[in-house]
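Order of the sequence lines sets the chain letters (A, B, ...), proteins ahead of strands, with each chain counted from 1.
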Amino acid sequence: MTTDAIVMPTTELDLEKVLLSGQTFRWQRDDQGWWISPIGSDGTILRAQQESGVLYVEACGGRAKDIAALYFHAGTSLLSLRDRWLSDDALELAVAIDNSPGLRIVRQDPVECLFSFLCSSAAPIHRIRRCVDGMSRLLGRDLGVHHGVQLWAFPEVERLAGVLRADLDSLGLGFRGRYIGDAARMVVERGGSHWLASLRSATYEEAKLELVQIPGVGEKVADCVCLFSLDKHQAVPIDVHMARVARRKFDECRDVKSITPKAYETFSGSFRARFGEFAGWAQQYFFYAEIERRGLWDQELGRHRPKPLSP
DNA sequence: CTCGCACCTCA
DNA sequence: GAGGTGCGA
């Protein structure tokens, strides 16, 4: 296995920031301090390490450089996005980019992405990680030990389609478990992973319309799948955090309380109206900053939160 | 259309 | 009480 190098300054990619920002749930550090993760169900493994403006990558199951360039949307320059937003008079966004340099959208495997976000409702990132890991251990292909870490591929959707509710009981999915089997069966019916991936060439509206048919998939999850795996850069997932941001930012959102379907469109559409075809990327900056601002990252990632000492 | 609530754990 | 969805009122 060879190591490829991709020139990517930290203003274009901050590996740790991106991998832990709640888009993706399987990355971990190996015994050499590199980031490593299985990608999707086909046995692909990607390893990455960033050093003085260069991204070093290795892969099993393909050419590392190609896999990584796709996975990190290397063709999309944050600097150009920033310029575009600057000239569109979206100054606040240029500032948001400067406050979280190197944050970008990843391009995940659609099946893995769908089932990851199916586990995401009312769950912090560390819990989603546990669920995804559990599904992979239980139903995914054993990929062996790599640089000190045991890896499993994400389960084939056909495998998930055969799963019983009781099989998932041990994984801590909670009520989220009830959707997995039904969702997988619908995807298989439509043509499996090939069908999901084919939505990449559909329009955003078409893709979303298809996704929300899947049991357990509402607008939020559909938008996550669109943005994080189907190349729909204009998809803006709205959760309670982004709704709060929208209320602060846009007049037409100020008095919209709960996230009803109509309200969802108001929130989401406001970002699109203001930030255009890459509104989803804009959303990621505001989302990141909002979690930061509220000091929620430690909680999300399950890091030990130091208890305030008594005086 | 909007509201309220259950859904399973875990923190 | 939770970064959501689906149900009935």
Over-ring placement of A:K249 relative to A:F286, 6.0 Å and 45° cut-offs: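 Ring-cation test returns yes.
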Nearest to the side chain of A:R127, heavy atoms from C-beta on, is which of C:dG4, C:dG3, B:dC8?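 The listed nucleotide nearest to A:R127's side chain is B:dC8.
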From B:dC3, C:dG3, B:dA11, nucleotide with atom closest to A:R130 side chain: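 The closest nucleotide is B:dA11.
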| message | If I pick the C1' atom on B:dG4 and the same atom on C:dG1, what distance separates them, to the nearest angstrom? | response |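 Roughly 16 Å separates the two C1' atoms.
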Send over the distance from [X] [atom1] to [N] [atom2], rounded to a whole Å.
| X | N | atom1 | atom2 | answer |
| --- | --- | --- | --- | --- |
| A:I128 | B:dC8 | CD1 | P | 18 Å |
| A:K262 | B:dT2 | NZ | C1' | 11 Å |
| A:R244 | C:dG4 | CZ | C1' | 15 Å |
| A:L301 | B:dA11 | CG | C1' | 15 Å |
| A:Q213 | C:dT5 | CD | C1' | 15 Å |
| A:D239 | C:dA2 | CG | C1' | 12 Å |
| A:E219 | C:dT5 | CD | C1' | 11 Å |
| A:L168 | B:dC8 | CG | C1' | 13 Å |

Salt-bridge criterion met for [X] and [Y] (N-O under 4.0 Å):
| X | Y | answer |
| --- | --- | --- |
| A:R247 | A:E252 | no |
| A:R248 | A:E290 | yes |
| A:K208 | A:E219 | yes |

Looking only at heavy atoms, which two atoms of A:I105 and A:L227 are closest? And how far apart?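 Heavy atoms of A:I105 and A:L227 come nearest at CG2-O, 3.5 Å.
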Dot-bracket for DNA chain B, 5' to 3', Watson-Crick and G-U pairs with both distances under 3.5 Å, [ ] for crossing pairs, | for partner on another strand, reads .||||||.||.
*In the single-linkage hydrophobic clustering (I, L, V, M, F, W, Y; side-chain heavy atoms under 4.5 Å), do A:I36 and A:Y56 co-cluster?*
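In one cluster: no.
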Between A:V212 and A:I125, which residue's closest nucleotide on DNA chain C lies nearer the 5′ terminus?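 Closest to the 5' end, via its nearest nucleotide, is A:I125.
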Position toward the 5' end of DNA chain C (nearest nucleotide), A:A123 or A:P215
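The answer here is A:A123.
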Can a side chain N or O of A:S120 be found less than 4.0 Å away from OP1 or OP2 on C:dG4?
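For C:dG4, OP1/OP2 do not have a side-chain N/O of A:S120 under 4.0 Å.
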Think A:S258 has a side-chain N or O under 4.0 angstrom from the OP1 or OP2 of B:dC3?
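Yes, A:S258 has a side-chain N/O under 4.0 Å of OP1/OP2 on B:dC3.
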Among residues 173-190 of chain A, which ones have heavy-atom contacts with DNA chain C below 4.0 Å?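 Of all residues in residues 173-190 of chain A, the ones placing a heavy atom under 4.0 Å from DNA chain C are A:F175, A:Y179.
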Which of parallel (below 30°), tilted (30 to 60°) and perpendicular (above 60°) describes A:Y288 and A:W297?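 Taking A:W297 first and then A:Y288, their aromatic rings sit tilted (interplane angle of 30° to 60°).
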Over 60° means perpendicular and under 30° means parallel, so classify the ring planes of A:H233 and A:H73, tilted if in between.
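Aromatic pair A:H73/A:H233 classed perpendicular.
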Proximity of A:F25 and A:F154 rings by center, below 6.0 Å:
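Not under 6.0 Å, so no.
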